[in-house]
Amino acid sequence: VQLQASGGGSVQAGGSLRLSCVVSGSIFSLYTMSWYRQAPGKQRELVTNITSDGSTSLADSVKGRFTISRDNAKNTVYLQMNSLKPEDTAVYYCYARRGLAGYWGQGTLVTVSS
């Protein structure tokens, strides 16, 4: 299973970005998909996930600002990030999980300037 994340970049506070993660090599629709992030000097943290049936959850720090969605026809999961804050600066990773098996994407850098 391979995951390819894209869409990171630099944006000013209050701006928006949309991250994408394309999954290949398996049946995408069966996986729970997640976005994690890791800020400099900090541990990787779970931002949001979406199950195979479309149920979602969000970390408190991004509620009301971030939205996760998936397009099973395109084998892609998205992270729409609005009202970005400098503290959202991190490398964002997508993660695919099914049962005990999990797979990471390579990460995409998001930098938010004040």
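Asn49 and Thr32 share no side-chain donor-acceptor pair at under 3.5 Å. No side-chain N or O of Arg44 forms a donor-acceptor pair with one of Tyr36 less than 3.5 Å apart. Side-chain contact annotation: Tyr31 with Ser26, donor-acceptor N/O pair under 3.5 Å present.
Phe66 is listed as a side-chain neighbour of Val47, based on a closest heavy-atom distance under 4.5 Å. Within the 4.5 Å cutoff, side-chain heavy atoms of Arg37 are placed close to those of Glu45. Looking at heavy atoms from C-beta onward, Ser24 lies out of side-chain contact with Val1 at the 4.5 angstrom threshold.
Residues Ser69 and Val77 come closest through the heavy atom pair O-CG2, 3.2 Å. Here the closest non-hydrogen pair linking Thr48 and Ser57 is OG1-O, 2.7 Å. Taking each heavy atom of Val91 and Gly107 in turn, the nearest pair found is CG1-CA, 3.8 Å. When all heavy atoms of Val11 and Ser16 are compared, the closest pair comes out as CG2-N, 4.0 Å.
A salt bridge does not link Lys85 to Asp88: none of the charged nitrogens lies less than 4.0 Å from a carboxylate oxygen.
Ser83 places no side-chain N or O within donor-acceptor distance of the main-chain N or O of Arg65, the cut-off being under 3.5 Å. A donor-acceptor contact shorter than 3.5 Å is absent between the side chain of Asn82 and the backbone of Leu84.
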Inset, instruction - For Leu19 and Trp35, run side chain to side chain contact (heavy atoms under 4.5 Å, CB included): C-alpha distance rounded to whole Å, both residues' side-chain angles, the deciding distance at 0.1 Å, then the answer. - result: CA-CA 10 Å; Leu19 307 183; Trp35 287 98; 3.7 Å; yes
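Paired with Val23 under the rule side-chain contact (heavy atoms from CB on, under 4.5 Å), one option of Gln2, Arg70, Gln4, Met33 passes, and it is Met33.
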